[in-house]
Amino acid sequence: MPSEPLVLGIETSCDETGVGIVRGTTLLADAVASSVAEHARFGGVVPEVASRAHLEAMVPTMHRALAEAEVGVGDLDAIAVTVGPGLAGALLVGVAAAKAYALALGKPLYGVNHLSAHVAVDLLDNGPLAEACVALLVSGGHSSLLLVPRVGGEDVTELGATVDDAAGEAYDKVARLLGLPFPGGPPVDRLARDGDPDAIAFPRAMSEAPYSFSFAGLKTAVARWIEERRRSGDTVPTADVAASFQEAVADVLTAKAVRAAQDQGVDYLLIGGGVAANSRLRALAAQRCERAGLWLRVPRPKLCTDNGAMVAALGAQLVAHGATPSALDIPGDSSLPVTDVLV
Ligand code: KG4
Ligand code: ZN
(Lines give C-alpha, C1' and ligand atoms only; values in the text may rest on other atoms or scores of the structure.)
(Ligands and ions follow the chains in the order given, each with its own letter.)
Protein backbone atom coordinates (compact mmCIF):
# COMPACT_ATOMS: atom_id res chain seq x y z
CA MET A 1 0.00 0.00 0.00
CA PRO A 2 1.57 3.36 -0.97
CA SER A 3 1.93 6.00 1.75
CA GLU A 4 -0.38 8.29 -0.24
CA PRO A 5 -3.45 6.14 -0.85
CA LEU A 6 -5.71 6.75 -3.84
CA VAL A 7 -9.25 6.78 -2.44
CA LEU A 8 -12.66 7.27 -4.00
CA GLY A 9 -15.41 8.74 -1.81
CA ILE A 10 -19.16 8.51 -2.32
CA GLU A 11 -21.63 10.92 -0.70
CA THR A 12 -25.43 10.57 -0.91
CA SER A 13 -26.70 11.59 2.55
CA CYS A 14 -28.96 14.44 1.39
CA ASP A 15 -29.59 15.99 -2.04
CA GLU A 16 -26.07 15.96 -3.52
CA THR A 17 -24.68 12.89 -5.29
CA GLY A 18 -20.96 13.35 -4.80
CA VAL A 19 -18.04 11.27 -6.02
CA GLY A 20 -14.57 12.52 -5.16
CA ILE A 21 -11.11 11.10 -5.65
CA VAL A 22 -8.05 12.05 -3.61
CA ARG A 23 -4.46 10.90 -3.31
CA GLY A 24 -3.57 11.43 0.34
CA THR A 25 -4.43 15.09 0.89
CA THR A 26 -4.40 15.99 -2.81
CA LEU A 27 -7.75 16.55 -4.51
CA LEU A 28 -7.95 14.86 -7.91
CA ALA A 29 -11.69 14.98 -8.67
CA ASP A 30 -14.84 16.43 -7.15
CA ALA A 31 -17.92 15.50 -9.19
CA VAL A 32 -21.28 16.58 -7.75
CA ALA A 33 -24.80 16.20 -9.16
CA SER A 34 -27.45 18.05 -7.18
CA SER A 35 -31.20 17.40 -7.09
CA VAL A 36 -31.79 20.71 -5.29
CA ALA A 37 -33.87 22.15 -8.16
CA GLU A 38 -36.32 19.24 -7.84
CA HIS A 39 -36.94 20.08 -4.16
CA ALA A 40 -37.14 23.87 -4.49
CA ARG A 41 -40.90 24.11 -4.94
CA PHE A 42 -41.44 22.05 -1.75
CA GLY A 43 -39.23 24.37 0.33
CA GLY A 44 -37.12 21.46 1.61
CA VAL A 45 -35.58 18.17 0.58
CA VAL A 46 -38.15 15.47 -0.26
CA PRO A 47 -36.50 12.16 0.74
CA GLU A 48 -38.06 9.97 -1.98
CA VAL A 49 -37.19 12.47 -4.69
CA ALA A 50 -33.60 12.66 -3.40
CA SER A 51 -33.24 8.85 -3.35
CA ARG A 52 -34.44 8.48 -6.93
CA ALA A 53 -32.15 11.30 -8.08
CA HIS A 54 -29.14 9.59 -6.42
CA LEU A 55 -29.99 6.38 -8.23
CA GLU A 56 -30.04 8.17 -11.58
CA ALA A 57 -26.91 10.24 -10.93
CA MET A 58 -24.69 7.62 -9.25
CA VAL A 59 -23.04 5.94 -12.25
CA PRO A 60 -22.68 9.09 -14.43
CA THR A 61 -21.15 10.98 -11.48
CA MET A 62 -18.75 8.09 -10.85
CA HIS A 63 -17.62 8.15 -14.49
CA ARG A 64 -17.21 11.92 -14.38
CA ALA A 65 -14.99 11.71 -11.30
CA LEU A 66 -12.79 8.96 -12.77
CA ALA A 67 -12.36 10.93 -15.99
CA GLU A 68 -11.55 14.13 -14.09
CA ALA A 69 -8.93 12.36 -11.95
CA GLU A 70 -7.60 10.45 -14.98
CA VAL A 71 -7.51 7.19 -13.04
CA GLY A 72 -9.06 3.78 -13.65
CA VAL A 73 -11.08 1.95 -11.01
CA GLY A 74 -8.34 -0.66 -10.83
CA ASP A 75 -5.88 2.01 -9.57
CA LEU A 76 -7.94 2.76 -6.45
CA ASP A 77 -6.66 1.62 -3.05
CA ALA A 78 -10.02 1.92 -1.27
CA ILE A 79 -13.66 3.01 -1.50
CA ALA A 80 -15.08 5.28 1.21
CA VAL A 81 -18.77 6.08 1.62
CA THR A 82 -20.99 8.16 3.90
CA VAL A 83 -23.00 5.75 6.07
CA GLY A 84 -24.69 8.48 8.15
CA PRO A 85 -26.13 10.67 9.43
CA GLY A 86 -28.60 11.59 6.70
CA LEU A 87 -31.75 10.49 4.90
CA ALA A 88 -32.16 6.70 5.17
CA GLY A 89 -33.19 6.09 1.55
CA ALA A 90 -30.57 8.46 0.18
CA LEU A 91 -27.78 6.86 2.25
CA LEU A 92 -28.86 3.44 1.02
CA VAL A 93 -28.06 4.32 -2.61
CA GLY A 94 -24.49 5.42 -1.86
CA VAL A 95 -23.81 2.56 0.54
CA ALA A 96 -25.11 -0.02 -1.96
CA ALA A 97 -23.03 1.50 -4.76
CA ALA A 98 -19.88 1.58 -2.60
CA LYS A 99 -20.33 -2.04 -1.57
CA ALA A 100 -20.83 -3.09 -5.18
CA TYR A 101 -17.65 -1.32 -6.32
CA ALA A 102 -15.65 -2.61 -3.35
CA LEU A 103 -16.78 -6.19 -3.91
CA ALA A 104 -16.38 -6.14 -7.68
CA LEU A 105 -12.93 -4.53 -7.51
CA GLY A 106 -11.70 -6.42 -4.45
CA LYS A 107 -10.92 -3.14 -2.65
CA PRO A 108 -11.42 -2.35 1.06
CA LEU A 109 -14.58 -0.44 2.05
CA TYR A 110 -14.61 2.38 4.64
CA GLY A 111 -18.06 3.42 5.89
CA VAL A 112 -17.59 6.89 7.35
CA ASN A 113 -19.38 9.66 9.20
CA HIS A 114 -20.61 12.58 7.07
CA LEU A 115 -19.81 15.09 9.83
CA SER A 116 -16.21 13.92 10.25
CA ALA A 117 -15.86 14.12 6.48
CA HIS A 118 -16.88 17.81 6.64
CA VAL A 119 -13.93 18.28 9.04
CA ALA A 120 -11.42 16.13 7.12
CA VAL A 121 -12.00 17.91 3.79
CA ASP A 122 -10.01 20.83 5.17
CA LEU A 123 -6.83 18.78 4.62
CA LEU A 124 -7.35 19.05 0.84
CA ASP A 125 -7.14 22.84 0.93
CA ASN A 126 -4.94 23.60 3.90
CA GLY A 127 -2.65 20.57 3.97
CA PRO A 128 -1.81 18.16 6.80
CA LEU A 129 -2.29 19.35 10.38
CA ALA A 130 0.01 17.86 12.98
CA GLU A 131 -1.84 19.30 15.97
CA ALA A 132 -5.20 19.05 17.71
CA CYS A 133 -7.90 21.53 16.80
CA VAL A 134 -11.38 22.61 17.75
CA ALA A 135 -13.80 22.15 14.86
CA LEU A 136 -16.95 24.20 14.41
CA LEU A 137 -19.25 22.02 12.35
CA VAL A 138 -22.19 23.92 10.89
CA SER A 139 -24.48 22.27 8.34
CA GLY A 140 -28.14 21.99 7.45
CA GLY A 141 -28.78 19.34 10.06
CA HIS A 142 -26.01 19.80 12.65
CA SER A 143 -24.19 22.50 14.60
CA SER A 144 -21.49 21.29 16.97
CA LEU A 145 -18.20 22.16 18.53
CA LEU A 146 -15.77 19.25 18.44
CA LEU A 147 -12.38 18.58 19.94
CA VAL A 148 -10.38 16.79 17.25
CA PRO A 149 -6.96 15.46 18.37
CA ARG A 150 -6.11 14.54 14.75
CA VAL A 151 -8.11 15.59 11.70
CA GLY A 152 -9.11 12.39 9.89
CA GLY A 153 -8.55 10.28 13.02
CA GLU A 154 -11.12 8.09 14.75
CA ASP A 155 -11.12 10.05 18.00
CA VAL A 156 -13.62 12.95 18.23
CA THR A 157 -15.15 14.52 21.35
CA GLU A 158 -18.32 16.57 21.11
CA LEU A 159 -17.95 19.64 23.33
CA GLY A 160 -21.45 20.92 22.60
CA ALA A 161 -24.17 21.09 19.98
CA THR A 162 -27.33 22.98 19.14
CA VAL A 163 -30.21 22.46 21.54
CA ASP A 164 -32.77 23.14 18.79
CA ASP A 165 -32.27 24.21 15.14
CA ALA A 166 -29.01 23.78 13.26
CA ALA A 167 -27.42 26.97 11.87
CA GLY A 168 -28.22 25.98 8.27
CA GLU A 169 -31.79 25.19 9.25
CA ALA A 170 -32.12 28.71 10.68
CA TYR A 171 -30.83 30.13 7.38
CA ASP A 172 -33.32 28.02 5.42
CA LYS A 173 -36.23 29.13 7.62
CA VAL A 174 -35.32 32.83 7.56
CA ALA A 175 -34.92 32.66 3.77
CA ARG A 176 -38.46 31.34 3.57
CA LEU A 177 -39.72 34.23 5.72
CA LEU A 178 -37.99 36.63 3.31
CA GLY A 179 -39.45 34.92 0.24
CA LEU A 180 -36.04 33.60 -0.87
CA PRO A 181 -35.51 30.17 -2.48
CA PHE A 182 -34.33 26.93 -0.85
CA PRO A 183 -31.65 26.29 0.29
CA GLY A 184 -31.64 29.62 2.05
CA GLY A 185 -27.97 30.08 2.95
CA PRO A 186 -26.63 31.35 -0.39
CA PRO A 187 -29.49 33.84 -1.16
CA VAL A 188 -29.49 35.23 2.41
CA ASP A 189 -25.69 35.58 2.21
CA ARG A 190 -26.01 37.50 -1.09
CA LEU A 191 -28.89 39.72 0.06
CA ALA A 192 -27.09 40.54 3.32
CA ARG A 193 -24.29 42.26 1.35
CA ASP A 194 -26.72 45.10 0.56
CA GLY A 195 -27.98 45.42 4.15
CA ASP A 196 -26.89 46.96 7.44
CA PRO A 197 -25.84 44.29 9.97
CA ASP A 198 -26.56 46.73 12.82
CA ALA A 199 -30.02 47.74 11.60
CA ILE A 200 -31.90 45.34 13.87
CA ALA A 201 -30.63 44.01 17.22
CA PHE A 202 -31.70 40.37 16.91
CA PRO A 203 -31.06 38.23 20.03
CA ARG A 204 -27.84 36.27 20.50
CA ALA A 205 -28.27 33.10 22.55
CA MET A 206 -24.92 33.45 24.32
CA SER A 207 -26.15 32.20 27.68
CA GLU A 208 -26.67 28.57 26.69
CA ALA A 209 -24.03 26.21 28.08
CA PRO A 210 -20.68 27.60 26.83
CA TYR A 211 -20.38 25.22 23.86
CA SER A 212 -24.06 24.79 23.02
CA PHE A 213 -26.04 26.73 20.44
CA SER A 214 -29.68 27.73 20.07
CA PHE A 215 -31.14 29.30 16.94
CA ALA A 216 -34.88 28.78 17.45
CA GLY A 217 -35.29 32.03 19.42
CA LEU A 218 -33.45 34.02 16.75
CA LYS A 219 -35.62 32.53 14.00
CA THR A 220 -38.78 33.41 15.98
CA ALA A 221 -37.50 36.95 16.61
CA VAL A 222 -36.96 37.43 12.87
CA ALA A 223 -40.48 36.09 12.14
CA ARG A 224 -42.06 38.41 14.73
CA TRP A 225 -40.12 41.43 13.49
CA ILE A 226 -41.24 40.86 9.89
CA GLU A 227 -44.85 40.21 10.99
CA GLU A 228 -44.89 43.43 13.01
CA ARG A 229 -43.65 45.48 10.05
CA ARG A 230 -46.24 43.96 7.72
CA ARG A 231 -49.04 44.51 10.23
CA SER A 232 -48.23 48.20 10.49
CA GLY A 233 -48.24 48.47 6.70
CA ASP A 234 -44.49 49.19 6.39
CA THR A 235 -42.34 47.54 3.74
CA VAL A 236 -39.88 44.97 5.06
CA PRO A 237 -36.24 46.04 4.54
CA THR A 238 -35.24 42.52 3.50
CA ALA A 239 -31.52 43.25 3.04
CA ASP A 240 -31.31 44.74 6.56
CA VAL A 241 -33.15 41.75 8.02
CA ALA A 242 -30.81 39.34 6.19
CA ALA A 243 -27.68 41.25 7.27
CA SER A 244 -28.80 41.60 10.89
CA PHE A 245 -29.81 37.93 11.12
CA GLN A 246 -26.52 36.85 9.54
CA GLU A 247 -24.56 39.01 11.95
CA ALA A 248 -26.31 37.41 14.94
CA VAL A 249 -25.51 33.89 13.67
CA ALA A 250 -21.87 34.68 12.83
CA ASP A 251 -21.39 36.49 16.14
CA VAL A 252 -22.59 33.57 18.29
CA LEU A 253 -20.82 30.88 16.25
CA THR A 254 -17.45 32.61 16.21
CA ALA A 255 -17.58 33.82 19.83
CA LYS A 256 -18.28 30.31 21.12
CA ALA A 257 -15.83 28.61 18.77
CA VAL A 258 -12.96 30.94 19.70
CA ARG A 259 -13.73 30.47 23.37
CA ALA A 260 -13.78 26.68 22.99
CA ALA A 261 -10.39 26.71 21.24
CA GLN A 262 -8.91 28.88 23.97
CA ASP A 263 -10.40 26.76 26.77
CA GLN A 264 -9.12 23.56 25.16
CA GLY A 265 -5.65 25.05 24.75
CA VAL A 266 -5.41 24.40 21.01
CA ASP A 267 -3.91 26.77 18.43
CA TYR A 268 -6.22 25.87 15.54
CA LEU A 269 -9.88 26.52 14.84
CA LEU A 270 -11.32 24.62 11.88
CA ILE A 271 -14.74 25.39 10.38
CA GLY A 272 -16.65 22.93 8.19
CA GLY A 273 -20.12 22.13 6.83
CA GLY A 274 -22.38 23.99 4.40
CA VAL A 275 -22.71 27.13 6.58
CA ALA A 276 -18.90 27.45 6.56
CA ALA A 277 -19.40 28.74 3.00
CA ASN A 278 -20.98 31.87 4.51
CA SER A 279 -19.03 35.01 3.69
CA ARG A 280 -19.70 36.82 6.97
CA LEU A 281 -18.92 33.77 9.13
CA ARG A 282 -15.60 33.37 7.31
CA ALA A 283 -14.69 37.05 7.64
CA LEU A 284 -15.64 37.37 11.31
CA ALA A 285 -13.92 34.09 12.18
CA ALA A 286 -10.73 35.32 10.50
CA GLN A 287 -10.90 38.60 12.42
CA ARG A 288 -11.57 36.99 15.81
CA CYS A 289 -9.01 34.21 15.36
CA GLU A 290 -6.36 36.76 14.53
CA ARG A 291 -7.24 38.77 17.63
CA ALA A 292 -7.18 35.63 19.80
CA GLY A 293 -3.87 34.37 18.36
CA LEU A 294 -5.51 31.32 16.73
CA TRP A 295 -4.90 29.86 13.27
CA LEU A 296 -8.09 29.55 11.26
CA ARG A 297 -8.60 26.68 8.82
CA VAL A 298 -11.62 26.74 6.54
CA PRO A 299 -11.82 25.12 3.11
CA ARG A 300 -12.96 26.88 -0.08
CA PRO A 301 -16.77 27.30 -0.19
CA LYS A 302 -17.31 24.52 -2.75
CA LEU A 303 -15.72 21.99 -0.41
CA CYS A 304 -17.85 23.20 2.55
CA THR A 305 -21.17 22.07 1.07
CA ASP A 306 -21.80 18.35 0.55
CA ASN A 307 -19.45 16.57 -1.86
CA GLY A 308 -17.68 13.25 -2.37
CA ALA A 309 -14.14 14.63 -2.02
CA MET A 310 -14.69 15.12 1.72
CA VAL A 311 -15.56 11.44 2.09
CA ALA A 312 -12.49 10.47 0.08
CA ALA A 313 -10.33 12.82 2.21
CA LEU A 314 -11.45 11.11 5.41
CA GLY A 315 -11.10 7.67 3.82
CA ALA A 316 -7.52 8.44 2.78
CA GLN A 317 -6.59 9.38 6.36
CA LEU A 318 -8.12 6.18 7.69
CA VAL A 319 -6.26 4.07 5.10
CA ALA A 320 -2.97 5.88 5.73
CA HIS A 321 -3.24 5.27 9.49
CA GLY A 322 -4.08 1.60 9.13
CA ALA A 323 -7.73 1.70 10.26
CA THR A 324 -9.66 -1.55 9.95
CA PRO A 325 -11.93 -1.55 6.89
CA SER A 326 -15.69 -1.87 7.33
CA ALA A 327 -17.61 -5.10 6.86
CA LEU A 328 -19.35 -5.50 3.52
CA ASP A 329 -22.73 -5.74 5.25
CA ILE A 330 -22.65 -2.36 7.06
CA PRO A 331 -26.02 -0.62 6.99
CA GLY A 332 -26.68 3.09 6.50
CA ASP A 333 -27.44 4.81 9.82
CA SER A 334 -29.58 7.95 9.53
CA SER A 335 -28.83 9.03 13.11
CA LEU A 336 -25.15 8.05 13.35
CA PRO A 337 -23.58 9.92 16.32
CA VAL A 338 -20.91 12.50 15.49
CA THR A 339 -18.36 10.52 17.52
CA ASP A 340 -18.64 7.40 15.32
CA VAL A 341 -16.09 8.35 12.67
CA LEU A 342 -15.71 4.91 11.06
CA VAL A 343 -18.33 2.17 11.15
O1 KG4 B 1 -23.33 20.53 4.77
P2 KG4 B 1 -24.45 20.84 3.87
O3 KG4 B 1 -24.19 21.05 2.40
O4 KG4 B 1 -25.56 19.73 3.99
C5 KG4 B 1 -25.83 19.12 5.22
O6 KG4 B 1 -25.05 18.25 5.63
O7 KG4 B 1 -26.83 19.55 5.85
O8 KG4 B 1 -25.17 22.13 4.47
C9 KG4 B 1 -26.32 22.65 3.88
C10 KG4 B 1 -26.71 23.91 4.62
C11 KG4 B 1 -28.04 24.48 4.17
O12 KG4 B 1 -28.84 24.76 5.32
C13 KG4 B 1 -27.63 25.76 3.45
O14 KG4 B 1 -28.61 26.78 3.52
C15 KG4 B 1 -26.37 26.15 4.19
O16 KG4 B 1 -25.72 24.93 4.43
N17 KG4 B 1 -25.51 27.03 3.41
C18 KG4 B 1 -25.20 28.30 3.78
C19 KG4 B 1 -24.42 28.85 2.72
N20 KG4 B 1 -24.26 27.89 1.76
C21 KG4 B 1 -24.93 26.80 2.20
N22 KG4 B 1 -25.55 28.99 4.87
C23 KG4 B 1 -25.12 30.25 4.95
N24 KG4 B 1 -24.39 30.87 3.98
C25 KG4 B 1 -24.01 30.22 2.87
N26 KG4 B 1 -23.28 30.83 1.94
ZN1 ZN C 1 -23.24 18.08 5.01
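Order of appearance sets the numbers: ligands from 1, and atoms from 1 within every ligand. Counting from 1, the numbers follow the sequence of the chain as shown.
Side-chain polar atoms of Ser214 and Asp164 form a donor-acceptor pair below 3.5 angstrom. For the residue pair Asn278 and Gln246, a side-chain donor N or O sits within less than 3.5 Å of a side-chain acceptor on the partner.
Assignment of Cys14 to the shell around ligand 1 is not supported, since no heavy atom sits closer than 4.0 Å. At a 4.0 Å cut-off, at least one heavy atom of His118 sits close enough to ligand 1 to count as contact.
Distances from atom 23 (C) of ligand 1 to the heavy atoms of Ala250, Gly185, Ala277 put Gly185 nearest.
At a cut-off of 2.8 Å, His114 is counted among the residues with an N, O or S atom near the Zn ion (ligand 2). Metal site remark for the Zn ion (ligand 2): His118 contributes an N, O or S atom at a distance under 2.8 Å.
Closest to the Zn ion (ligand 2) among the N, O or S atoms of Asp306 is OD1.
Of the N or O atoms in Tyr171, none lie within a sub-3.5 Å distance of an N or O in ligand 1. Considering both main-chain and side-chain atoms, Gly140 comes within under 3.5 Å of ligand 1 through a nitrogen or oxygen pair. Inclusion of Asp172 in the set of residues having an N or O under 3.5 Å from an N or O of ligand 1 is warranted. In terms of N/O distances under 3.5 Å, ligand 1 is not approached by Gly273. Residue contacts with ligand 1: Asp189 is placed with a nitrogen or oxygen under 3.5 Å of a nitrogen or oxygen of the ligand (distance criterion only).
Among residues at least two apart or in separate chains, there is no ring pair (Phe, Tyr, Trp, His ring centres under 6.0 Å) pair with a member in residues 123-166.
Partners of Asp30 by salt bridge (charged side-chain N to carboxylate O under 4.0 Å, His left out), not counting sequence neighbours, listed by chain and number: Lys302.
Set against the non-hydrogen atoms of Gly184, the atoms of ligand 1 under 4.0 Å away are 14 (O). Heavy-atom contacts of Pro186 reach the following atoms of ligand 1: 19 (C), 20 (N), 21 (C), 25 (C) (cutoff under 4.0 Å). For ligand 1, the atoms lying closer than 4.0 Å to a non-hydrogen atom of Gly141 are 7 (O). Ligand 1 places these atoms under 4.0 Å from at least one heavy atom of Gly168: 12 (O).
Counting non-hydrogen atoms of other residues, nucleotides and ligands closer than 6.0 Å to CZ of Arg204 gives a total above 12. Within 6.0 Å of CD on Glu290 lie no more than 12 heavy atoms contributed by other residues, nucleotides or ligands.
In this structure, the ring of Phe42 has its center no less than 6.0 angstrom from the ring center of Phe182.
Here the CG atom belonging to Leu269 is positioned 5.0 Å from the CD1 atom belonging to Ile271, to the nearest 0.5 angstrom.
Aromatic ring orientation, Phe215 versus Phe213: parallel (interplanar angle below 30°, classes split at 30° and 60°).
Among Asp15, Thr17, Thr12, the single residue meeting the side-chain hydrogen bond (donor to acceptor under 3.5 Å, both in side chains) criterion with His54 is Thr17. Among the candidates Leu92, Leu342, Asp333, Leu336, the single residue satisfying the side chain to side chain contact (heavy atoms under 4.5 Å, CB included) test with Val83 is Leu336.
The closest protein non-hydrogen atom to atom 2 (P) of ligand 1 is Asp306 OD1, 3.2 Å. If you check which protein heavy atom lies closest to atom 17 (N) of ligand 1, you get Gly274 O, 3.5 Å. Summary of contacts: the protein heavy atom closest to atom 24 (N) of ligand 1 is Asn278 ND2, 3.0 Å.
The part of His114 lying near ligand 1 is the side chain, judged by heavy-atom distances below 4.0 Å.
Under the 4.5 Å side-chain heavy-atom criterion for ILVMFWY residues, no single connected hydrophobic cluster contains both Tyr268 and Tyr211.
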